[in-house]
Amino acid sequence: MDDKFLKPYNPQETEERIYKLWKKSGFFNPDNLPKRHEEPFTVIMPPPNANGHLHAGHALFITIEDIITRFERMRGKKALWVPGADHAGFETQIVYERELEKQGRSRFGMDPKQLYDEIMVFTLENKKHMEAEVSAMGASCDWSREKFTLDENIVRETQKTFEQMYDDNLVYRGNRIINWCPKHQTSLSDVETEFVEKKDPFYYIKYGPFTIATARPETKFGDKYVVMHPDDKRYKDYKDGQKLEVNWINGKITATVIKDAAIDMSFGTGVMTITPWHDAIDFEVAERHNLEKDQIIDWRGKLLPIAGEFAGMKITEARPKIVEKLKENGLLVKIDDDYKHNVRVCYKCGTSIEPQIKAQWFVKMKPLAKLAIDAVESDKIKFIPENYKKIFLYWMEKTIDWNISRQIIWGIPIPAKLCEKCGHGFPDLKSKMNQCPKCGGSVTADIDTFDTWFSSGQWPYLALGYPNSDDFETYYPTDIMETGHDLIFRWVPRMVIFGLYRTKKIPFNTVYLHGLVNDAKGKKMSKSKENVINPLDLSKKYGTDALRIGLIVGNTPGTDLALSEDRIRGYKNFANKLWNIARFILSQEKPPNNKNKLDEELVNEFNTLAKDITRDMENCRFHIAAEKIYAYVWHRFADEIIEKSKPARPDDSGHSGGKQTVNRATLYYILENSLKLLHPFMPFVTEEIWSSFTKATNKQGNLLMIESWPFT
RNA sequence: GGGCGGUUAGCUCAGUUGGUUAGAGCGACUGUUUUACACACAGUAGGCCGGGGGUUCGAAUCCUCCACCGCUCACCA
């Protein structure tokens, strides 16, 4: 017996050594696997953001994907798991802005090149941490194929997709209303905003013969159109296009009556004035009737000269003063203090989104969504859990054009030129156009970058080196995309669309969505609540294997998990239990030879279980598989079978006990195959025991990692 | 307001297509230092499976209504 069994299992002393052993073997790279591994199996890792440390959600997805990969590898597949790192445009820039703040600096006014270079240094540093942490989780991914979203060829292909979509009339430049975050000074797509319920005063204001209602009086300076429903009998005397003299905030103006069916007659007074530059509905009304649009609020969220004496003020500062003036002028009818409404905010900082009109690049979604809908409806792409299919389709059906321009430096540049004269925009990947092809005017380079999801949406094929790569030919479409259910809108649909558009193939056969990892009480982890559990701390304290299986058992796909330290501690005990099982079996003087008899019933029982577990693994029911093998090893194998195998002791009355009822060969058989079944879940301790097992049975050589799965 | 999910032991959760006395981990309690393991073993307590109605020989599981919780989407100014 190995001396190592004299002490309890010690993960700290084992894990790094084992990981090096695996890495040195070369088997993370499917090219190096033995001949029996023929059929490719591919998982692309959702690239973690290279801007900080791993959190519990990362630990979960690494565990699940590693389980899948190790299982398929042992079953004889040519298993490839491609790791990656995401530059994470907007998110990383925000993280770095906080760093700057700490140093008393700000990105505004910084030389863009300088800022970009600094963020690159920061990102590459964090990328190293991230890689070390992924490794510490036991990830058997092929590091030789690791990709970064800013790798030269990935940037090039992302830009090519843009050009191709422009040529196919799927990308256009539009001067449209967009979501503007005044804090971060960039536009955002709809999925990058959230709604929060706010209670604000609701002001009823006199507008000529009408009373209008608004929560935002500060936007009303430029309101020169008053809109009502064409069927509203209360206002039947007013005709569409009719002009009225109106006494307004800063004096007399001429207002025009507009009739539009978008008005809800039952809300407020049934009349509203519109602010097309700063409101999506108003923008649409203005577009329909071809009305003028004036900007009231600047990009920093301050009032423009149109606001007269209030120009230059921030909205929050100006609002009470404006209300005061309305009151003085006798325009304020009443204030409703109990008005609740939903306000769109930036998903990162919670700042109220200020809609603005801006020229941006948009992806025309309808024809692309059609491709995705067809693929999912015909079940070419399968969802786990299944109900996400419906959610996916629901979102795809109603998707609107996607703004892909971001006013941030950290990202992939949009390779386009913009005409200074006519505003025409067009792709220019090689940057050789100096004149507008439409009007001959001079052009400047677009300084915006792509929405990060524009590039990460292309990840499955770009990570495989598309186009012109053997890997793409061999490993695409990938088998399974495993990611968090929170990315069902932000990421999954984009991957399906880009995959179908660019490669004409689905990017993956299955989407597996895991739930969020919450704290022990099921509450969302957040820094402000101080309930963040660092997975690496748990891994150090209880061992990575304990953390891994603790994240899996009882964790149904799509359902959030409450992670408690007690739970992980329990599985540390299990790792040690397994250790002691091995110690006991391997410590008996001689291993059985092949002629030793196996106990048929026990072997059958085990084989039935192994087949059952294999079925669970095939169907991604890892939570069930893990629990079954856990319960068997501890409560059946250790508590009953091994106990029965012990030579009975004489009882108190001097009679000898019953005879030994389990053959040692059976114990070896069950141990060997249990280690295999457990390996995907607990790779370190099983591999460590395996080396002793093979030594004891004179079958040294193979790593457990590439042993055959029982009953494939 | 729309959509989705949840409600099972003190806590956190399993329970594949309806099938015998409903399970696990943690926690609690009672014993046991027995020669693999006290990071252990033996055992105990604890649940009208959210509520009402229905389908069925049989329902935690299927249908329906209701309540509460969570998530998500949404242009009532």
Side-chain angles (χ1 to χ4, degrees), chain A residues 1 5-10 177 190-191 193-195 202-203 205 212-216 219-220 223 227 262-275 278-285 339 341-342 344 355 385 387-391 393-395 398 400 485-486 488-489 515-516 518-524 542-543 546 549-550 553-556 558-588 612 615-616 619-621 623-624 626-628 630-631 634-635 638-639 642-643 645-647 649 667:
Chain A
M1 184 187 74
F5 284 117
L6 296 174
K7 288 185 288 181
Y9 175 59
N10 184 336
I177 195 148
D190 291 279
V191 288
T193 63
E194 286 170 358
F195 284 93
F202 197 50
Y203 306 96
I205 306 166
I212 60 157
T214 183
R216 301 200 57 189
T219 64
K220 296 286 161 196
D223 288 12
V227 192
I263 300 300
D264 180 352
M265 287 187 268
S266 63
F267 184 82
T269 58
V271 182
M272 70 174 193
T273 60
I274 56 168
T275 314
H278 299 291
D279 186 282
I281 317 171
D282 296 4
F283 177 80
E284 278 171 27
V285 172
Y339 176 67
H341 61 156
N342 294 317
R344 203 188 267 274
N387 65 302
Y388 279 90
K389 174 179 172 179
K390 210 192 273 182
I391 295 172
L393 288 172
Y394 175 80
W395 192 76
K398 58 153 211 65
I400 58 169
H485 71 60
D486 52 327
I488 185 70
F489 300 134
L516 268 36
N518 294 322
D519 76 359
K521 287 174 189 154
K523 293 273 175 277
K524 198 170 178 174
Y542 302 108
I549 195 165
V553 173
N555 184 4
T556 327
T559 305
D560 295 350
L561 174 80
L563 177 62
S564 74
E565 205 165 320
D566 282 346
R567 186 188 180 98
I568 306 304
R569 195 187 327 117
Y571 292 106
K572 174 188 191 279
N573 296 350
F574 178 58
N576 193 54
K577 185 75 185 178
L578 188 66
W579 186 254
N580 281 298
I581 288 169
R583 169 180 175 177
F584 176 74
I585 292 175
L586 300 178
S587 68
Q588 306 198 13
D612 198 23
R615 268 196 302 277
D616 288 331
N619 292 296
C620 296
R621 295 191 292 257
H623 61 298
I624 309 269
E627 194 174 356
K628 278 179 186 161
Y630 168 91
W634 198 323
H635 300 299
D639 290 351
I642 290 177
E643 286 306 314
S645 79
K646 289 177 183 172
R649 293 183 310 161
L667 299 185

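Within every chain, numbering begins at 1; the chains are lettered A, B, ... in the order of the sequence lines, protein sequences first and strands thereafter.
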Complementary nucleotide of [N], counting Watson-Crick and G-U pairs under 3.5 Å:
| N | result |
| --- | --- |
| B/G1 | B/C73 |
| B/U16 | none |
| B/C68 | B/G6 |
| B/A59 | none |

When the [atom1] atoms of [N] and [M] are considered, how many whole Å apart are they?
| N | M | atom1 | answer |
| --- | --- | --- | --- |
| B/A74 | B/G3 | C1' | 10 Å |
| B/G15 | B/U8 | P | 14 Å |
| B/U61 | B/C49 | P | 10 Å |
| B/U17 | B/C62 | C1' | 12 Å |
| B/C13 | B/G5 | C1' | 15 Å |
| B/U20 | B/G25 | C1' | 26 Å |
| B/U12 | B/G27 | P | 15 Å |
| B/A67 | B/G51 | P | 16 Å |

Tell me whether the side-chain N or O atoms of [X] pair up with the base of [N] as donor and acceptor below 3.5 Å, since no angle test is needed here.
| X | N | value |
| --- | --- | --- |
| A/K398 | B/A74 | no |
| A/K577 | B/C37 | yes |
| A/N576 | B/A40 | no |

Where the side chain of [X] is defined as all heavy atoms beyond and including C-beta, which of [options] is the nearest nucleotide?
| X | options | answer |
| --- | --- | --- |
| A/D639 | B/A14, B/A77, B/A42 | B/A42 |
| A/F489 | B/C37, B/A77, B/C73 | B/C73 |
| A/D264 | B/G27, B/A36, B/A77 | B/A77 |
| A/F584 | B/A36, B/A74, B/U12 | B/A36 |
| A/T559 | B/C26, B/A36, B/A14 | B/A14 |
| A/K572 | B/A77, B/A36, B/C39 | B/C39 |
| A/A562 | B/G5, B/C75, B/C13 | B/C13 |
| A/Y339 | B/C76, B/C37, B/G25 | B/C76 |
| A/T214 | B/A36, B/C39, B/A77 | B/A77 |

Stepwise side chain to side chain contact (heavy atoms under 4.5 Å, CB included) check, A/M272 with A/F267:
CA-CA 10 Å; A/M272 70 174 193; A/F267 184 82; over 6 Å; no
Just checking [X]: base, sugar-phosphate only, or nothing, at a heavy-atom cut-off of under 4.0 Å?
| X | result |
| --- | --- |
| A/T556 | sugar-phosphate |
| A/G554 | sugar-phosphate |
| A/H341 | sugar-phosphate |
| A/I263 | base |
| A/D566 | sugar-phosphate |
| A/Y630 | sugar-phosphate |
| A/I581 | base |
| A/E643 | base |

Pick the closest RNA chain B nucleotide for A/F202 and for A/A638 by heavy atoms, then say which residue is nearer the 5' end.
A/A638
Taking for each residue the nucleotide of RNA chain B bearing the nearest heavy atom, is the 5' side occupied by A/N342 or by A/I642?
A/I642
Hey, does the side chain of [X] reach the backbone of [Y] with a donor-acceptor pair shorter than 3.5 angstrom?
| X | Y | answer |
| --- | --- | --- |
| A/D616 | A/R621 | no |
| A/N576 | A/K572 | no |
| A/D282 | A/T275 | yes |
| A/H623 | A/V553 | no |

Collect all protein-nucleotide pairs involving nucleotides 28-32 of chain B in which both atoms are nitrogen or oxygen and the distance is under 3.5 Å.
none

Applying the side-chain hydrogen bond (donor to acceptor under 3.5 Å, both in side chains) criterion to A/T273, which one of A/D223, A/T214, A/T219 satisfies it?
A/D223
Report yes if at least one side-chain N or O of A/H635 is closer than 4.0 Å to OP1 or OP2 of B/A42; otherwise report no.
no
For B/C75 and A/R344 - does any side-chain N or O of the residue sit under 4.0 Å from the phosphate oxygens OP1/OP2?
yes
For the pair made of [atom1] in [X] and [atom2] in [N], what is the distance, rounded to whole Å?
| X | N | atom1 | atom2 | answer |
| --- | --- | --- | --- | --- |
| A/K521 | B/G70 | NZ | C1' | 18 Å |
| A/W634 | B/A38 | CH2 | P | 12 Å |
| A/Y9 | B/A38 | OH | P | 18 Å |
| A/Q588 | B/C37 | CD | P | 13 Å |
| A/Y394 | B/U72 | OH | P | 14 Å |
| A/R621 | B/U16 | CZ | P | 9 Å |
| A/K628 | B/A14 | NZ | P | 16 Å |
| A/L516 | B/C71 | CG | C1' | 9 Å |

Smallest separation among heavy atoms of [X] and [Y], with atom names:
| X | Y | answer |
| --- | --- | --- |
| A/A520 | A/S564 | CB-CB, 3.5 Å |
| A/I212 | A/K220 | CD1-CD, 4.4 Å |
| A/G570 | A/W634 | O-CZ3, 4.5 Å |

Cationic tip of A/K577 above A/Y630 ring, under 6.0 Å, 45° of axis
no
Measure the acute angle between the ring planes of A/Y9 and A/W579, then classify it against the limits of 30° and 60° as parallel, tilted or perpendicular.
tilted
Hey, is NZ on A/K398 packed in by over 12 heavy atoms from elsewhere, all under 6.0 Å?
yes
